[in-house]
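Residue numbers start from 1 in every chain, and the chains themselves are labelled A, B, ... in the order their sequence lines are given, proteins ahead of strands. Keep in mind the model is a prediction, meaning the values are calculated, not measured.
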There are 2 protein chains.
Amino acid sequence: MSIDTTAAPPTRLTSTSYLVLGLIEREGPSTPYELKRHVAATIGHFWSFPHALLYKEPARLVELGLLTEEREAEGRRRRLFTITVRGRAAIRAWLAKPAHEPTELRDAGLLQLFFADLGSTDDCRALAVAQLAIHRAALARYEDDRRGDRGLNGSDAAARTVEHWRGVTLPMGLLYERAAVEFWERVFWEGVADDARR
Amino acid sequence: MSIDTTAAPPTRLTSTSYLVLGLIEREGPSTPYELKRHVAATIGHFWSFPHALLYKEPARLVELGLLTEEREAEGRRRRLFTITVRGRAAIRAWLAKPAHEPTELRDAGLLQLFFADLGSTDDCRALAVAQLAIHRAALARYEDDRRGDRGLNGSDAAARTVEHWRGVTLPMGLLYERAAVEFWERVFWEGVADDARR
DNA sequence: GACATATAGTCCAGACCATACCATACTGCT
DNA sequence: AGCAGTATGGTATGGTCTGGACTATATGTC
């Protein structure tokens with residue numbers, strides 16, 4: 001046992017921690033607002049991190065010595081966070097230890113489908129239509145993203161992060177959305193046919 | 001607007017609420033423990049609902065008048081929850097209004113991949129191997145489930161729920177896991193080739 | 001009776017979350 | 001200059017969630 005390598009730090013690092021550390025490591029010193037924008041342009045497409053968290057988390061990481069903070073004295077009083085040597089070490093340690101948790105797939109539509117037998121056939125049909133609209137839209141957006149129709153607008157910022165997202169992580173989103181479209185089309189055509197009988 | 005049909009209930013109903021209501025509606029009066037087992041056998045495969053929640057949520061629903069509670073006077077002092085007329089109405093209203101939220105895909109492995117450029121090539125390769133193991137295992141388990149190798153063991157309980165899961169919702173799990181295997185195989189063979197360049 | 005395992009439920013601190021709110025900066029119009 | 005409107009940037013609040021660790025009852029079995 002004794003899994004913790006750091007002799008009981010105040011709190012464990014979460015996915016959010018590594019997200020923040022990773023973005024700052026890749027993009028350099030950042031404000032929470034910048035983190036928020038980078039997240040929205042990339043991983044936020046399918047894993048929502050509430051922005052309040054992206055303001056709170058860096059403060060925690062400062063306490064843990066993984067980031068340092070400077071703050072504008074006037075005006076917006078922006079906070080600028082910079083990664084420390086220990087912060088870099090933390091990321092690399094994390095990357096060297098592959099995650100073993102299974103994927104969490106939280107989908108309200110799927111939950112409704114799970115209970116579709118309690119409603120009407122029409123409800124189920126309407127659900128399939130709504131879900132198809134959602135997933136087709138997501139698919140189209142991802143395909144645009146991949147072609148780079150976006151990510152250029154706005155600013156030069158986040159170039160590395162957006163590029164890396166586009167090439168490496170976004171393809172999973174595409175695969176997922178294609179699967180979802182296929183799935184809901186089947187639901188639409190076959191209904192909840194309870195073809196599980198037999 | 002005025003979306004709420006019930007004149008400002010203390011709190012809104014969440015996915016968990018509908019999960020609890022739906023299970024009780026389908027399976028009849030249930031204890032939290034039974035809910036927990038039904039969840040574990042079905043939707044819990046990819047959407048984790050911490051068990052503490054399945055003990056707390058019914059109490060809230062009682063306050064809202066959607067369930068009633070009886071409690072054993074002695075021994076385990078189990079709580080048995082029964083759905084009310086208003087509870088049934090709440091479910092049907094929910095089913096009649098298709099969800100419009102996008103899927104949340106929370107995957108620690110994918111997050112690591114998103115930052116794979118900050119680590120070594122070996123780390124990335126190891127990550128792909130680990131993820132392949134996870135997703136292949138999940139795929140195999142789902143395929144067993146579909147064939148009905150499980151769900152019979154243990155008890156007769158949850159027959160309807162498990163059947164419905166198997167026929168209707170599980171196929172999405174299968175599609176997802178197949179996509180994931182395909183994805184991670186590509187990562188394994190191509191590495192994070194940064195083939196995003198041009 | 002002693003021990004192990006499965007069943008059933010409770011508790012809690014800390015983290016999370018949505019949401020509303022506050023403040024500063026820029027932009028264009030008159 | 002004055003003002004409105006919008007985008008930028010950040011904070012506050014309180015309920016909710018979370019993951020353990022913990023307690024206790026029942027069943028078996030040596």
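A ring-centre distance under 6.0 Å is not found for A/Trp47 and A/Tyr176. In this structure, A/Phe183 has its ring center no closer than 6.0 Å to that of A/Trp189.
Judged by atom type and distance alone, B/His51 reaches the base of C/dT10 through a side-chain donor-acceptor pair under 3.5 Å.
Residue B/Lys36 is out of contact with every strand shown, counting any heavy-atom pair closer than 4.0 Å. Heavy atoms of B/Thr16 sit nowhere under 4.0 angstrom from any nucleic acid atom.
For D/dT11, one of the phosphate oxygens OP1 or OP2 lies less than 4.0 angstrom from a side-chain nitrogen or oxygen of A/Arg79. Considering only side-chain N and O atoms, B/Thr14 lies nowhere under 4.0 angstrom from the phosphate OP1 or OP2 of C/dC17.
Atom CH2 of A/Trp47 is separated from atom C1' of C/dC17 by 16 Å (rounded to the nearest Å). Remark: P of C/dG14 and NZ of A/Lys56 are 15 Å apart, rounded to the nearest angstrom. As rounded to whole Å, 17 Å separates atom P of D/dT16 from atom CZ of B/Phe49. At whole-Å resolution of the value, CZ in B/Arg78 and P in C/dT10 are 12 Å apart. Here D/dC17 presents its P atom at 5 Å from CG of B/Leu53, a figure rounded to the nearest Å. Between the P atom of C/dC16 and the CG atom of A/Leu54 lies a distance of 11 Å, rounded to the nearest Å. Put simply, CZ on A/Arg37 is 9 Å from C1' on D/dT8, counting in whole angstrom units. Atom CD of A/Glu104 is separated from atom C1' of D/dC17 by 13 Å (rounded to the nearest Å).
Positionally, the nearest nucleotide of DNA chain C for B/Tyr55 lies more toward the 5' end than for the other of B/Tyr55 and B/Arg106.
Of the candidate nucleotides C/dT7, D/dT16, D/dG9, D/dG9 has the atom lying nearest to any side-chain atom of A/Tyr33. Nearest to the side-chain atoms of B/Ala52 among the listed nucleotides D/dT8, D/dC17, D/dG20 stands D/dG20. Of the candidate nucleotides C/dG9, D/dG10, D/dT18, C/dG9 has the atom lying nearest to any side-chain atom of B/Pro32.
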B/His45 and B/Arg141: side chain to side chain donor-acceptor pair (under 3.5 Å), yes or no, with the steps? CA-CA 10 Å; B/His45 284 313; B/Arg141 200 159 37 72; 3.2 Å; yes
Check your understanding: Between A/Glu57 and A/Arg60, is a salt bridge (Lys or Arg N to Asp or Glu O under 4.0 Å) present by the stated rule, with each step listed?
Key -> CA-CA 5 Å; A/Glu57 185 66 18; A/Arg60 255 187 75 224; 3.0 Å; yes
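A/Leu132 and A/Tyr142 fall within a single hydrophobic cluster, where Ile, Leu, Val, Met, Phe, Trp and Tyr are joined by side-chain heavy atoms under 4.5 Å apart, directly or via other members.
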